[in-house]
Amino acid sequence: MASRQAIRNVIRDIFGAVPTSASHGKATRNGMKELRQTQNGVYLKRYYLESMDSAARKGIPEDYPIKYTSEIQQRRLDKLDQLRRRGKGPPKKGAGKRAQKK
């Protein structure tokens with residue numbers, strides 16, 4: 001993680017000289033309050049782990065004949081297949097209600 005001095009140097013490089021908080025009796029907004037706060041992105045990334053589905057997909061080579069599907073995705077595909085057999089599935093591309101009106 002970057003040190004506070006390194007962050008200040010980067011801020012100064014990007015925004016130039018940081019304005020003082022009281023110029024002519026009025027406080028100027030410069031975002032220093034947010035930049036001074038502790039950076040917690042590293043901790044959030046560590047807390048919310050990568051999903052097992054994406055990790056499983058990365059482990060399977062591209063040319064492998066069987067594609068990985070999660071249980072939820074497989075249930076969704078099965079339901080969609082049932083609806084298509086009954087004629088209740090989504091229409092083909094370009095064959096929706098608007099195309100039928102023309």
* Asked: Rounded to the nearest 0.5 Å, what separation is found between the CG atom of N40 and the OH atom of Y47?
  -> 13.5 Å
* To do: Go through the structure and list residues passing side-chain contact (heavy atoms from CB on, under 4.5 Å) with R84, not counting sequence neighbours.
  => L80, P90
* Asked: In the single-linkage hydrophobic clustering (I, L, V, M, F, W, Y; side-chain heavy atoms under 4.5 Å), do Y48 and V42 co-cluster?
  -> no
* Asked: Which distance, rounded to the nearest 0.5 Å, do you find between the CG of L77 and the NZ of K79?
  -> 13.0 Å
* May I ask you to check whether over 12 heavy atoms, not counting those of L44, lie within 6.0 Å of atom CG? => yes
* If you look at every heavy atom in Q39 and E34, which pair is closest and at what distance? -> NE2-O, 4.5 Å
* Are there more than 12 heavy atoms of other residues, nucleotides or ligands under 6.0 Å from atom CD of Q74? -> yes
